[in-house]
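One structure below.
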Amino acid sequence: MKKWQVTLIGISTAAVMMSGAVYVGLHHLKSNPSNVHTEAEAVTPKVDAKEQLEAANDFELTRFKFNFYKAQNIDAFQVDYNDTRVLIGALPQADRTKALHSAISNREEAAKAIRYIHGNLNNTVGLYKNGYLETTGYGHSTQAAEQMKDGIFSPDSLTNHPELYIRLAEVIDNEKAAQDLRDVAALIQIGNAKRDIQAVIYAHRIIHDLDGYVFNRPDEGEEEFGAARAANGVKPALLAEIAKYMDRINKETA
């Protein structure tokens, strides 16, 4: 109990009935002096609407760094939110942004995130290459392909949120790579809106080159696509192809 208030309702019978409660309350306050408040302290201060909104959105996200790539699956990491475990991708946007800013604050953390984003996009492109999105032929159907897309473009997946890549661009400390990541953000947005696997394929190629040839594993011999400005093996023709694709989709949806 946070506060005790003893009210004298009257004398005689009422006073006798309250005596037990008074004793218990005084005993509690004596053993918990921090619970004693004055009448002035008990007055609730007026809070404007803006402060109330900020307070409602102020859960603890800065007490520790979110190691959301800990399980080597950036989409699978969960946080404690409103007394339950929630995927970061499923958080309300404002709180998801807080989580991202807490988790990704420098180039090193951004590079690690890019590595695990690459892994997730590998899985998606693998589904496409292995025919899981085909709509004709034995074992395939439009319904099955659309169900597969439901998983690929799930809003609960952090990798499907453009602000992830915008945050990476903000802290990556490499302007060419930052532009590459802004392109990925645009492609992810297109992919979500159009449910177009081609957007994901282009995003994967950029992330692949940033991971394998700019930040994390330049000597492991993976084939470079040439889709990232920041990589030495950039191919202007592929950059132009990606830009043409984004421009066409944007014009179609304008």
Can any side-chain N or O of [X] pair as donor or acceptor with the backbone N or O of [Y] at less than 3.5 Å?
{"X": "Ser102", "Y": "Lys98", "answer": "no"}
{"X": "Asp209", "Y": "Val214", "answer": "no"}
{"X": "Glu134", "Y": "His140", "answer": "no"}
{"X": "Asp75", "Y": "Thr159", "answer": "yes"}
{"X": "Asp156", "Y": "Leu87", "answer": "no"}
{"X": "Asn192", "Y": "Asn160", "answer": "yes"}
{"X": "Arg167", "Y": "Ile104", "answer": "yes"}

Hydrophobic cluster membership, with links at side-chain heavy-atom distances under 4.5 Å among I/L/V/M/F/W/Y: are [X] and [Y] in one?
{"X": "Met246", "Y": "Ile206", "result": "yes"}
{"X": "Leu127", "Y": "Tyr202", "result": "yes"}
{"X": "Leu238", "Y": "Leu121", "result": "yes"}

Going by heavy atoms in the side chains, are [X] and [Y] under 4.5 Å from each other?
{"X": "Leu158", "Y": "Asn120", "value": "no"}
{"X": "Glu109", "Y": "Val171", "value": "no"}
{"X": "Leu181", "Y": "Ile207", "value": "yes"}
{"X": "Tyr165", "Y": "Leu187", "value": "no"}
{"X": "Leu168", "Y": "Val184", "value": "no"}
{"X": "Val200", "Y": "Phe153", "value": "yes"}
{"X": "Thr97", "Y": "Leu91", "value": "no"}
{"X": "Ile88", "Y": "His161", "value": "no"}

Looking at [X], I'd like to know if its [atom1] atom is crowded, meaning that more than 12 non-hydrogen atoms belonging to other residues, nucleotides or ligands lie closer than 6.0 Å.
{"X": "Glu170", "atom1": "CD", "value": "yes"}
{"X": "Tyr132", "atom1": "OH", "value": "no"}
{"X": "Asn232", "atom1": "CG", "value": "no"}
{"X": "Lys149", "atom1": "NZ", "value": "yes"}

Note to self: Can you tell me how the ring of His118 sits relative to the ring of His204, calling it parallel under 30°, perpendicular over 60° and tilted otherwise?
What the structure shows: tilted
Check: Taking atom types as modelled, is there a side-chain donor on Arg182 or Gln179 under 3.5 Å from an acceptor on the other?
Finding: yes
Next item on the list: Assess whether side chain to side chain contact (heavy atoms under 4.5 Å, CB included) is satisfied between Ile188 and Leu164, documenting all intermediate values.
Entry: CA-CA 10 Å; Ile188 292 298; Leu164 168 61; over 6 Å; no
What are the two closest heavy atoms between [X] and [Y], and how far apart are they?
{"X": "Pro236", "Y": "Val234", "answer": "CD-O, 3.5 Å"}
{"X": "His208", "Y": "Glu223", "answer": "NE2-O, 2.6 Å"}
{"X": "Ala230", "Y": "Leu210", "answer": "CB-CD2, 4.0 Å"}
{"X": "Ser157", "Y": "Gly151", "answer": "OG-O, 4.4 Å"}
{"X": "Ala199", "Y": "Ile190", "answer": "CB-CG2, 4.1 Å"}
{"X": "Arg96", "Y": "Gly89", "answer": "NH1-O, 3.5 Å"}

Measure the spacing between [atom1] of [X] and [atom2] of [Y] and express it to the nearest 0.5 Å.
{"X": "Tyr128", "Y": "Ile197", "atom1": "OH", "atom2": "CD1", "result": "8.0 Å"}
{"X": "Asp211", "Y": "Asn216", "atom1": "CG", "atom2": "CG", "result": "4.5 Å"}
{"X": "Gln189", "Y": "Asn250", "atom1": "CD", "atom2": "CG", "result": "8.5 Å"}

Check: Do Glu108 and Lys112 sit within salt-bridge range, that is, some charged N less than 4.0 Å from a carboxylate O?
Finding: yes
Check: Going through the checks in order, is the side chain to side chain contact (heavy atoms under 4.5 Å, CB included) test met by Lys194 and Thr253?
Finding: CA-CA 9 Å; Lys194 307 291 287 187; Thr253 56; 4.0 Å; yes
Checklist line | Evaluation steps, side chain to side chain contact (heavy atoms under 4.5 Å, CB included), between Glu146 and Arg195 | finding: CA-CA 9 Å; Glu146 290 303 313; Arg195 288 169 66 91; 3.0 Å; yes
Margin query: Give me each pair satisfying salt bridge (charged side-chain N to carboxylate O under 4.0 Å, His left out) with a member in residues 233-250, each pair once, sequence neighbours excluded.
Written below: Asp247-Lys251, Arg248-Glu252
Notebook entry, point to check: Does the pair Asp173 and Asn106 meet the rule for a side chain to side chain contact (heavy atoms under 4.5 Å, CB included), with working shown?
Noted result: CA-CA 8 Å; Asp173 195 28; Asn106 56 51; over 6 Å; no
